[in-house]
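Here's the structure we're looking at; comments come further down.
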Amino acid sequence: MTVIDTAPLAGASASVPTLVHLSGDIDIFSTARLRQRLINTLDHSTDLLVVDLSQVTFCGAGGIGVLIGVQGRARTRGITLALTGVPPRVARLLRITGLDHRFPVMA
Amino acid sequence: MTEETETRAEGVAGIRDVVSIRLPAASAYLSVLRTATAGLAARLDFTLDEIEDLRIAVDEACAMLLSEAVPGTDLTAEFELTGQEMQVRVEVATVGSSAPKRDDFAWMVLTALADDVDAVAPSQGFPDRMAIVLRKRRGAAQRTAGPA
């Protein structure tokens with residue numbers, strides 16, 4: 001699992017979303033690291049954090065749990081966490097868990 | 001002389017194989033088990049969605065067990081392939097643990113993706129073993145709603 005953070009520098013226009021690209025497998029081996037990286041990203045995120053999942057090759061319940069947890073943290077800072085590039089298999093898991101309406105999805 | 005007949009139906013392919021895999025009980029090895037799961041499911045002609053369901057289900061079962069596993073021990077996975085069905089039993093060594101938690105988020109996902117799931121708690125005969133057994137049949141109806 002890798003995280004590529006293309007967040008604009010602090011102080012950038014709030015109208016510019018902060019984009020984070022995730023790739024690889026998100027499983028219990030990588031969730032702790034992912035959670036920390038995403039929380040770090042919140043420190044310099046604009047008020048819209050977009051997480052790109054298009055290169056994610058595996059995501060289980062633990063991965064969904066991280067996204068929910070980070071979304072909660074983001075909200076307390078006034079940041080909206082949205083998803084983009086959701087692979088069909090991840091979309092299906094979100095649907096199965098009834099969490100598909102929890103995340104705004106960007107085209 | 002009586003002859004025992006196997007109740008489980010044999011598929012057209014006639015496959016009846018058991019594959020056992022032993023790995024360190026550590027999360028770093030789960031990707032290996034997921035890959036093996038996908039390869040074995042493909043052998044039974046499962047659809048891509050069914051294969052993905054199995055990969056996630058096996059991953060969730062292992063994730064639940066690893067949190068109870070004794071460090072430095074092994075996780076064993078036994079895949080039983082019959083024509084239409086795959087049964088996977090994953091097992092770890094524990095010390096005086098309770099049964100796998102059925103109110104867990106991982107358990108919810110696991111039961112949604114597999115056709116049947118049983119948690120085998122440490123018992124009289126095997127006080128230090130905990131296992132999860134899951135089954136998935138090819139072409140079984142999905143419990144979840146169809147595509148949105």
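Just so we're clear, the structure is a prediction, and the values are computed from it rather than from any experiment. The chains referred to below are lettered A, B, ... by the order of the sequence lines, with proteins before strands, and numbering in each begins at 1.
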*Given a cutoff of under 4.5 Å between side-chain heavy atoms of I, L, V, M, F, W and Y, with clusters grown through shared members, what are the other residues clustered with A:F29?*
none
*asked:* Can a donor-acceptor pair be found, under 3.5 Å and without considering hydrogens, that links the side chain of B:E60 to the backbone of A:G60?
replied: no
_Please say yes or no: joined through hydrophobic side-chain contacts below 4.5 Å, possibly via intermediate residues, are B:V90 and B:V120 part of one cluster?_
no
*Which pair of heavy atoms, one from A:A61 and one from B:A106, lies closest together, and at what distance?*
CB-CA, 4.2 Å
_Show the nearest heavy-atom pair for residues B:R55 and A:T57, with the distance to one decimal._
NH1-O, 3.8 Å
_Between CD1 on residue A:I96 and OG1 on residue B:T111, distance to nearest 0.5 Å_ = 10.0 Å
_Check against side-chain contact (heavy atoms from CB on, under 4.5 Å), A:R89 and B:I56_ = CA-CA 10 Å; A:R89 314 216 173 282; B:I56 298 177; 5.8 Å; no
*Shared ILVMFWY cluster between A:F103 and B:F105, side chains joined below 4.5 angstrom?*
yes
_Please determine whether residues A:L99 and A:L53 belong to a single hydrophobic cluster, defined as Ile, Leu, Val, Met, Phe, Trp and Tyr linked transitively by side-chain heavy-atom distances below 4.5 Å._
yes
*How far does CZ of A:R92 sit from CG of B:L113, to the nearest 0.5 angstrom?*
6.5 Å
*Any chance you could measure B:C62, atom SG, to A:I28, atom CD1, to the nearest 0.5 Å?*
8.0 Å
*Pick one of side chain, backbone, both or neither for B:L110, based on which atoms fall under 4.5 Å of a heavy atom in chain A.*
neither
*Going through the checks in order, is the side-chain contact (heavy atoms from CB on, under 4.5 Å) test met by B:V109 and A:L93?*
CA-CA 8 Å; B:V109 171; A:L93 185 58; 3.7 Å; yes
*asked:* Under 6.0 Å from the ring centre and within 45 degrees of the ring axis: does the NZ or CZ of B:R34 meet both conditions for the six-membered ring of A:F58?
replied: yes
*Locate the shortest heavy-atom distance separating B:S31 from A:D25; write the atom from each residue and the value.*
CB-OD2, 4.1 Å
*Same apolar cluster (I L V M F W Y, side chains within < 4.5 Å links), B:V92/B:V133*: no
*For chain B, which residues of residues 63-79 of chain A have at least one non-hydrogen atom nearer than 4.5 Å to it?*
A:I64, A:G65
